[in-house]
Structures are given as structure tokens and as C-alpha cells.
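Taking it in order: structure first as C-alpha cells, then the write-up.
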Amino acid sequence: MSEKNRDGNRSARERLQQQREREKAREKQRRVLIVSAAVVGVLGLAAVVGVIAANSGKDGGSDKAGPVVAPSGAVGDDKPAVPTGKPDAPSTLTIWEDFRCPACASFENAFRDTIHELEATGALKAEYHLVTIIDGNMGGSGSLRAANAAACAQDAGKFTPYHDVLYMNQPAETDDAFAKNDKLLELAGKVPGLDTPAFRSCVEGGTHDSWIAKSNDAFRKGEFRGTPSVLLNGESIFPQKENEQISPENLKKWVAEANKGKKAGTASPASGG
């Protein structure tokens with residue numbers, strides 16, 4: 001065999017090896033990230049990225065061992081959640097989300113007003129399951145620290161406004177700014193009456209860390225593809241329901257269809273709502 005042919009065969013083998021390595025890298029990336037379809041173009045959500053639940057052996061949970069301390073008014077034994085809205089509303093919106101998740105912020109910023117409107121009319125109540133997947137995927141503790149702070153806000157009856165402030169001020173996914181209690185306390189200043197000694201003690205002491213870890217474990221054991229995972233009365237609706245993509249208008253329509261013939265909720269909103 002000529003030297004030229006040997007060089008050609010060696011180059012072909014090297015190219016094949018490089019191609020295989022690229023394919024392995026793409027497959028690894030595919031397991032780490034899942035790209036969901038556009039929500040609605042006019043909302044500026046051309047694409048959203050959710051983190052696959054089981055992409056890593058890290059759990060993103062608390063390093064602290066201790067008793068599980070649920071925030072005031074929390075629901076769900078095996079699947080802990082913070083409820084909002086009127087408890088007797090006929091439909092339930094279940095949301096699994098991570099405060100460091102960009103796709104979760106995209107969802108919240110697009111649907112916040114619609115959810116609040118449906119809650120106010122008694123058509124819908126929500127249950128927020130807080131998870132820490134990105135801490136496990138990317139390192140850091142911002143998901144956990146922010147989730148604990150939100151649970152502390154629930155104790156103070158101010159979960160919804162603080163939850164919204166966190167998403168409206170979400171740092172870049174690679175910036176673990178929420179890991180700093182000072183940042184979380186600074187943002188608490190945007191919610192009137194929240195920044196109290198009791199709230200600060202709860203945030204700085206990690207009072208609800210183990211409760212958040214329990215919620216995160218439930219997410220990892222569930223059949224969820226990523227965050228956010230959004231269900232209406234137990235049926236997945238994000239990024240679409242059957243052949244219809246989610247949008248504020250469709251969410252209202254789906255809730256109206258589910259509530260046909262049912263009375264709107266009238267009970268006092270859950271604590272923190």
C-alpha cells in the first residue's frame with residue numbers, strides 16, 4: 001500500500017472517530033436540555049428551554065439534614081406544594097418550576113396576569129411545586145435558596161408577590177445570584193411588609209430547605225420531561241394541549257370548558273395568595 005493510501009485511510013479513521021465523538025456530545029446535550037415548542041410568537045417566546053428531570057445524578061437538594069418544615073398552608077404530603085387562589089375553585093393549575101429556570105420565567109412572565117385573573121374570579125386555583133433541578137445540573141444553590149425564600153414568604157402570607165418578583169428579576173441561568181441571601185432579601189424589599197426579622201431569620205436559617213428537597217425528590221421521581229411542567233386538572237398543557245398550543249387565550253378557554261356547569265370558588269384565598 002502506498003504512503004498516500006495509508007495517510008488517506010488514517011485520515012478517514014480520524015474523521016470517523018471525530019464524527020462519533022461529536023455524535024456522543026450531541027446525545028449528551030440532548031439528554032441535558034429539552035427544547036419545547038414556541039408558546040406564541042407575539043409573546044416573544046419563540047422557544048423555551050426546560051431542564052430534563054433525570055439528566056444528572058446530582059439532586060440539587062439541600063445539604064442540610066433535618067426535619068421537614070412545611071411553610072404555612074402548604075399542601076400535598078408526597079408532592080409538597082404552595083397553594084394560591086380560592087381553595088374551592090373548580091379547576092387546579094399545577095406548576096412544577098425552578099426559580100433559576102429561564103423557561104419558567106418565560107412562562108410566568110407570559111401567563112402571570114392570566115393566572116391571577118382566573119384566580120381572582122374563582123375559576124382557578126394553583127399549586128406551585130418548587131424544584132432545584134438547575135442547582136443539580138449546573139452547580140450552585142440559587143434554586144434552593146430562592147425556593148426556601150419563597151416558602152418563607154408563604155409563611156408571611158406574601159408568596160404570590162414575592163414569587164412574581166423573583167421571576168421578574170431572574171438572573172442569567174449561569175449567574176447563581178439567588179444563592180446569596182443578601183440578593184433575596186434585597187428583592188424582598190420590593191414586596192411591602194415582607195422584609196421582617198422573622199422573614200430574614202427564615203431565609204438565612206434555611207428553615208424550609210428539607211421541604212424543598214422533598215418537593216424536588218417528588219419531581220425527579222415523577223414522569224416529567226422538564227421545567228416548567230404545567231398541568232390543568234392533571235392534564236399536561238405545556239407547551240400544548242392535544243393539538244392546541246398554550247396561550248393566555250387558550251388557557252382561559254380550557255379553564256372555561258373544564259368549569260362548564262360548575263360554580264366559581266368563593267372561599268377566602270389560600271394563605272400566601
**Message:** Does Glu223 have more than 12 heavy atoms from other residues, nucleotides or ligands lying within 6.0 Å of its CD?
**Reply:**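 Result for CD/Glu223: open.
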**Message:** I'd like to know whether NZ of Lys221 has more than 12 heavy-atom contacts from other residues, nucleotides or ligands below 6.0 angstrom.
**Reply:**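 Incorrect, the count does not exceed 12.
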**Request:** Check the pair Glu186, Asp195 against side-chain contact (heavy atoms from CB on, under 4.5 Å), reporting the backbone distance first and the verdict last.
**Result:** CA-CA 9 Å; Glu186 173 192 329; Asp195 189 3; over 6 Å; no
**Message:** For a quick test of reading the model, state the closest non-hydrogen atom pair linking Glu117 to Lys252 and the distance between them.
**Reply:**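 Heavy atoms of Glu117 and Lys252 come nearest at OE1-NZ, 3.3 Å.
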**Request:** Specify the closest pair of heavy atoms between Val131 and Asn216, including all atoms of both residues, with the distance to one decimal.
**Result:**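 The pair with the smallest heavy-atom distance is CB-OD1, 3.5 Å.
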[Y] ring center within less than 6.0 Å of [X] ring center:
X	Y	result
Tyr162	Tyr167	no
His163	Tyr128	yes
Phe99	Phe178	no

**Asked** Hey, are Asp209 and Arg145 close enough for a salt bridge, meaning a charged N less than 4.0 Å from a carboxylate O?
**Response**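 The answer is yes: the pair qualifies as a salt bridge.
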**Message:** For Thr84 and Glu119: C-alpha separation, side-chain torsions, deciding distance, then whether side chain to side chain donor-acceptor pair (under 3.5 Å) applies.
**Reply:** CA-CA 8 Å; Thr84 64; Glu119 287 182 329; 2.5 Å; yes
**Asked** Which pairs with one or both residues in residues 128-221 pass disulfide (SG to SG under 2.5 Å), sequence neighbours excluded?
**Response**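 Found Cys152-Cys202.
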[Y] side chain reached by [X] side chain, heavy atoms, under 4.5 Å:
X	Y	answer
Asp176	Met138	no
Ile95	His129	no
Leu93	Leu231	no
Ile246	Trp254	yes

**Request:** To the nearest 0.5 Å, tell me how far Trp96 CH2 sits from Lys79 NZ.
**Result:**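 Answer for the CH2-NZ pair, Trp96 versus Lys79, is 6.0 Å.
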